[in-house]
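This is the structure I want to talk about, given as structure tokens.
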Amino acid sequence: MTATPLLDSLNDAQQLAVSAPPGALLVLAGAGSGKTRVLTHRVAWLVQTQQISPLAVLAVTFTNKASREMRGRIEELLRMPLGGMWMGTFHGLCHRLLRMHFEAAGLPQNFEILDSDDQYRQIRRVLRELSLDEAHWPPRQIQWAINSHKEEGRRAQNLPAGNDIQQQTLHKIYLAYDELCRRFHLVDFAELLLRSLELLQRNQTIRESYQQRFQHVLVDEFQDTNAIQYKWLRLLSERSKNLFVVGDDDQSIYGWRGARVENLLSFEKDFPGATVIRLEQNYRSSGNILRAANAVIAHNAGRLGKELWTTRADGEKIRLYAASNEIDEANFTVASIESWVAGGNRRDGCAVLYRSNAQSRVFEEKLLSAGMPYRVYGGLRFFERAEIKDALAYLRLVSNRDSDPAFERVVNLPTRGIGAKTLEEIRRCARAQQISLWCAAKQTIAADRLPPRASAAVQRFLEIIAGMTAATADLELGEITDHVLIHSGLLEHYRNECGERAQGKVENLEELVTAARNFTPDETQEMGTLSLFLANAALEAGEGQADEWDDCVQLMSLHSAKGLEFPLVFLCGMEEGLFPHQRALEEPGRLEEERRLCYVGMTRAMKQLTICHAEIRRLYGREHYGQPSRFLKEIPTEHIEEIRATRMARSYTRSSGYGSGHGMGYAHGHASGHASRSSKNAPANSSLHTPTRPATPSATAIADPGFQGLKPGSQVRHQKFGEGMVLDLEGRGEHARVQVNFKDAGQKWLVCAHANLDLV
DNA sequence: GGGTTAACCTTTTTT
DNA sequence: AGGTTAACCC
């Protein structure tokens, strides 16, 4: 028994962390080691035993979901509501700061949040205004570049103009974009963070009041923080020095979007005297799974170092299945799930994990034909759907007519005779006088610069908006939304659209009214409920799928799986080029992140982990010969059991929809399968399929004279590049190409007809 | 203004 | 391959 019941249910390391004395503290929390428990108990402990007011605590997470869950759990522990405690995502908290101190932050009170889609549109608008060709200046890349700058804290004004024309133009676009945002009161996601940081940096009074208020700052998923988030945290905890961060360098999988593991790796250096506590006891996975995951992650260099252990039994070995293609892979997976469910287990205990979302389709098809309910994570979320964004745009105009993004979006939706010409005229007027599109539209009509028809159409649009504003002034949010949907003509527009999708859109719009009716702002401010609703829609896009099925198989990318756990996990598509992803192989330093992703995937599994790879995979209309992922070779063989397909269960051709699966037809191999595992390096030689592979298109390609008898695994010599191994083949005849990994020259695609390759 | 065709892109995702 | 988006034509 410990001093407080809060600590009773914790292990030694967890107790140490939860009851640590004030100061900087890093909890290195391995997968499944009770990270969330430590965070929630820490807050509860501070409040309960240290007489810290919840108002003096700042707790930061990365997702709204995590934040909600954490709040709920702490409230449960304390048996009291945490009402005024500052707890939320970085973006949510920064937004709150900016709303409260908009003036000091140099923002108008009615600033609007741009989500990435809105931001993309604005960038295109800037490109248009600068007369830059989108083909040469891809908006996506510009968006990425601008966000990277902001996330590193670099303002356009402070950037050097750059040496080459590329950099100079980018700089020009960045400047113009920021100017546009300033002019129209727009704040993008990165801007929320940067602006908030600058507010604290520049305004001493505000800074000190928050530094004084927040006696304890706690951060979840610290390995995912980017440069400004880290600065923001340091600044806020500068006075109290109580920064409690929880993270796992081995689960850092968002480096590609600006997250800096370095923040975690150098924590002890940045905070001299900081305590580091390791949580290494894993409560999730059985021994085989855990040791295999440990072995894989051990291949990474530059780790803080951690080795998970468990008191659990070894459990089942990791099942390894070499599928002939992605269809076979899906059939096998579905069959396995079927027998698991037949054994009385829940479907939602099964997860199919993959590297890229494109892989989900085959699984969906097979699950569908097996009559197995499933749920795919990822994809468009509620507030990101086009029809919802249309409706929100109307609401935005009602709340603030000067919102240009909203104006652009719905001025002619449903179509009301306002075409590109008319719009261009209005835009020109707006640009020339630095006024909003709304004002420009008014002026354009007044100045009689439009043909009568167009003029009348614009006039009608302005009246619709003005009419809605007047009519909804005294209504509740739900009724406002309802009114706007009807009087904008939007609902009618989607009702008239035919097809299944249109019906879903109408349903979504109706759901929006429900969402609006149920919306209760969690902060009472001078801002109208409508504005808060709109800000909330941008910050919290809602669940990926509207209807959450009760008990269904879970399909998701490895990234989405972080933080979750399932008794039964399938890790699919474990092939070189797919996982680790080709793009990751091309960029230096990305391989380790892929390995961490693999580690994350493996450690999701509690009872049984199945890893699949396919010898041939059709992806984006091409067929690829994938060698088994290098990560497989990093798993000690004693943790692996190979599953072999009996001939009958195998789906050899793509067209046969054979083998919807009956949980039969797969034979369990034993540890003796090591020899054949190593043979997977040269899949074409595997005795399993070579003799019986029929003339699939790919097999034809191999027999094609263009390939001169090359196949994956062949050793070849090139006059210039030297020796190498064939990785992949595609196309046929004179267009046939071959991918070779040369010892010295690296990976290259060559046209067979010209390459003059010699078989070694 | 609506419907059709052609070009395009396709890692991972939250806010 | 497949889906979306942009240009294009009536």
Side-chain angles (χ1 to χ4, degrees), chain A residues 60-67 88-95 113-120 124 134-135 138-141 144 147 150-151 187-194 196 221 224-226 228-229 252-259 326 353-362 377-381 383-384 386 412-422 453 457 493 496-497 501 535-542 544 556-563 573 577-587 590 593-594 596-598 600-601 617-623 654 697:
Chain A
V60 197
T61 60
F62 271 83
T63 65
N64 292 296
K65 193 172 156 222
S67 171
T89 63
F90 279 102
H91 293 84
L93 295 165
C94 287
H95 175 238
I113 300 177
L114 289 183
D115 69 15
S116 10
D117 184 56
D118 300 327
Q119 186 188 31
Y120 177 77
R124 294 186 63 190
E134 281 189 19
R140 286 268 166 241
Q141 281 175 38
W144 184 85
N147 286 338
K150 286 197 182 183
E151 277 159 13
V187 175
D188 61 47
F189 285 139
E191 182 76 24
L192 284 172
L193 303 176
L194 182 51
S196 163
E221 306 277 16
D224 289 337
T225 49
N226 66 28
I228 19 177
Q229 286 162 343
S252 156
I253 54 175
Y254 287 109
W256 52 274
R257 66 172 197 210
E326 77 281 2
L353 309 182
Y354 34 76
R355 179 63 177 80
S356 68
N357 287 310
Q359 289 167 254
S360 77
R361 260 190 59 171
V362 196
Y377 286 72
L380 272 195
R381 282 127 29 109
F383 285 105
E384 288 168 355
N412 199 32
L413 187 96
T415 46
R416 41 176 76 91
I418 302 172
K421 271 248 156 65
T422 309
R453 264 174 86 127
H493 169 76
N496 292 336
E497 215 174 83
R501 280 217 321 254
N536 183 269
L539 284 172
E540 190 171 354
M556 68 188 84
S557 71
L558 284 158
H559 285 86
S560 308
K562 193 170 82 156
L578 186 59
F579 190 30
H581 196 275
Q582 190 62 44
R583 297 271 275 267
L585 293 172
E586 286 156 7
E587 288 171 65
R590 288 270 178 246
E593 185 155 308
E594 295 287 302
R596 292 194 289 267
L597 197 52
C598 180
V600 166
R617 178 177 302 272
R618 183 178 283 245
L619 204 63
Y620 301 130
R622 284 220 177 100
E623 294 204 313
R654 295 178 187 284

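Just so we're on the same page: letters track the sequence lines, and every chain starts at 1. These numbers were taken from a predicted model, which means no experiment stands behind them.
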Contact class for A:Arg416 vs. all strands (heavy atom < 4.0 Å): base, sugar-phosphate, or nothing?
sugar-phosphate
A:Glu540 CD to B:dT13 P: how many Å, rounded?
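One finds 18 Å between P of B:dT13 and CD of A:Glu540, rounded.
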In whole Å, I'd like the distance from the CG atom of A:Asn536 to the P atom of B:dT15.
11 Å
Would you please determine if the base of B:dT11 is stacked by A:His581, with stacking meaning a centroid separation under 5.5 angstrom and planes under 30 degrees?
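So yes, this residue stacks on that base, both cut-offs being met.
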Could you tell me how far apart A:Phe579 (CZ) and B:dT12 (P) are, to the nearest whole angstrom?
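Going from A:Phe579 (CZ) to B:dT12 (P), I get 13 Å.
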Taking only the side-chain nitrogens and oxygens of A:Arg355, find out if one of them lies under 4.0 Å from OP1 or OP2 of B:dT11.
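For B:dT11, OP1/OP2 do not have a side-chain N/O of A:Arg355 under 4.0 Å.
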Any A:Arg381 side-chain N or O less than 4.0 Å from OP1/OP2 of B:dT15
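Yes, within the criterion.
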Measure from NE2 on A:His95 to P on B:dT15 and round the result to the nearest Å.
15 Å
Please state how far atom CG in A:Leu619 lies from atom P in B:dC9, giving the value in whole angstrom units.
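For the pair A:Leu619 CG and B:dC9 P, the rounded distance is 17 Å.
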Which word best sums up how the rings of A:His559 and A:Trp256 line up, parallel for under 30°, tilted for 30 to 60°, or perpendicular for over 60°?
perpendicular
Counting only side-chain N and O atoms of A:Ser557, is one of them less than 4.0 Å from OP1 or OP2 of B:dT11?
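For A:Ser557, the contact criterion (side-chain N or O under 4.0 Å from OP1 or OP2 of B:dT11) is not met.
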From B:dT11, B:dT12, B:dT15, nucleotide with atom closest to A:His559 side chain
B:dT12
Please assess A:Ile253 against A:Leu558 for the test side-chain contact (heavy atoms from CB on, under 4.5 Å), listing each intermediate value before the final yes or no.
CA-CA 10 Å; A:Ile253 54 175; A:Leu558 284 158; over 6 Å; no
For a quick test of reading the model: is some side-chain N or O of A:Thr415 closer than 4.0 Å to OP1 or OP2 of B:dG2?
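Answer yes for this pair, as a side-chain N or O of A:Thr415 is under 4.0 Å from OP1 or OP2.
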For DNA chain B, whose closest nucleotide is more 5', that of A:Lys65 or that of A:Glu593?
A:Glu593
Under the criterion of centre distance below 5.5 Å and interplanar angle below 30°, is A:Trp256 classified as stacked on the base of B:dT12?
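It does: the ring sits over the base of B:dT12.
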NE2 (A:His581) and CD (A:Glu587) are apart, to the nearest 0.5 Å, by 11.0 Å
Contact class for A:Ser560 (heavy atom, under 4.0 Å): base, sugar-phosphate, or nothing?
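Result for A:Ser560 = sugar-phosphate.
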Could you go through the salt bridge (Lys or Arg N to Asp or Glu O under 4.0 Å) check for A:Glu191 and A:Lys150 one step at a time?
CA-CA 7 Å; A:Glu191 182 76 24; A:Lys150 286 197 182 183; 2.7 Å; yes
A:Ser116 (side chain) and B:dT15 (base): donor-acceptor pair under 3.5 Å:
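Yes, a donor-acceptor pair under 3.5 Å.
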Start at the 5' end of DNA chain B and walk down; is the nucleotide closest to A:Gly419 or to A:Ala190 reached first?
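The residue closer to the strand's 5' end, by nearest nucleotide, is A:Gly419.
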Which nucleotide in the set B:dT14, B:dT10, B:dT15 lies at the smallest distance from any side-chain heavy atom of A:Arg257?
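Among B:dT14, B:dT10, B:dT15, the one nearest the side chain of A:Arg257 is B:dT14.
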Interatomic distance where CD belongs to A:Glu221 and P belongs to B:dT13 [whole Å]
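Answer to the nearest Å: 15 Å.
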Minimum heavy-atom distance between A:Ile113 and A:Asp118, given as atom pair plus value:
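What the structure gives for the nearest pair is O-OD2, 4.1 Å.
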Please report, rounded to the nearest Å, how far the C1' atom of B:dT12 is from the CD atom of A:Gln582.
15 Å
Taking only the side-chain nitrogens and oxygens of A:Arg361, find out if one of them lies under 4.0 Å from OP1 or OP2 of C:dG2.
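It does, given that an N or O in the side chain of A:Arg361 lies less than 4.0 Å from OP1 or OP2 of C:dG2.
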Once rounded to the nearest 0.5 Å, what's the spacing between atom CD of A:Glu221 and atom CZ of A:Phe62?
7.5 Å
Over all strands shown, is A:Tyr620 touching base, sugar-phosphate only, or nothing at heavy-atom distances under 4.0 angstrom?
base
Pairwise C1' distance for B:dT13 and C:dG2, with rounding to whole Å:
22 Å
Looking at A:Asn357, does any N or O in its side chain come under 4.0 Å of the phosphate oxygens OP1/OP2 on B:dT12?
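Looking at the OP1 and OP2 atoms of B:dT12, one of them is under 4.0 Å from a side-chain N or O of A:Asn357.
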Output, in order, the C-alpha distance, side-chain angles, deciding distance and verdict of side-chain contact (heavy atoms from CB on, under 4.5 Å) for A:Gln229 and A:His91.
CA-CA 9 Å; A:Gln229 286 162 343; A:His91 293 84; 4.2 Å; yes
Determine: side-chain N/O of A:Arg124 to OP1/OP2 of C:dA6, distance under 4.0 Å, yes or no.
yes
Does A:Asn64 make a side-chain N or O approach to OP1 or OP2 of B:dT14 shorter than 4.0 Å?
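Result: no.
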What is the separation between atom CD on A:Glu586 and atom P on B:dT11, rounded to the nearest whole Å?
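The distance from CD of A:Glu586 to P of B:dT11 comes to 11 Å, rounded to the nearest Å.
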Tell me what A:Tyr254 touches on the nucleic acid: a base, only sugar-phosphate, or nothing, going by heavy atoms under 4.0 Å.
sugar-phosphate
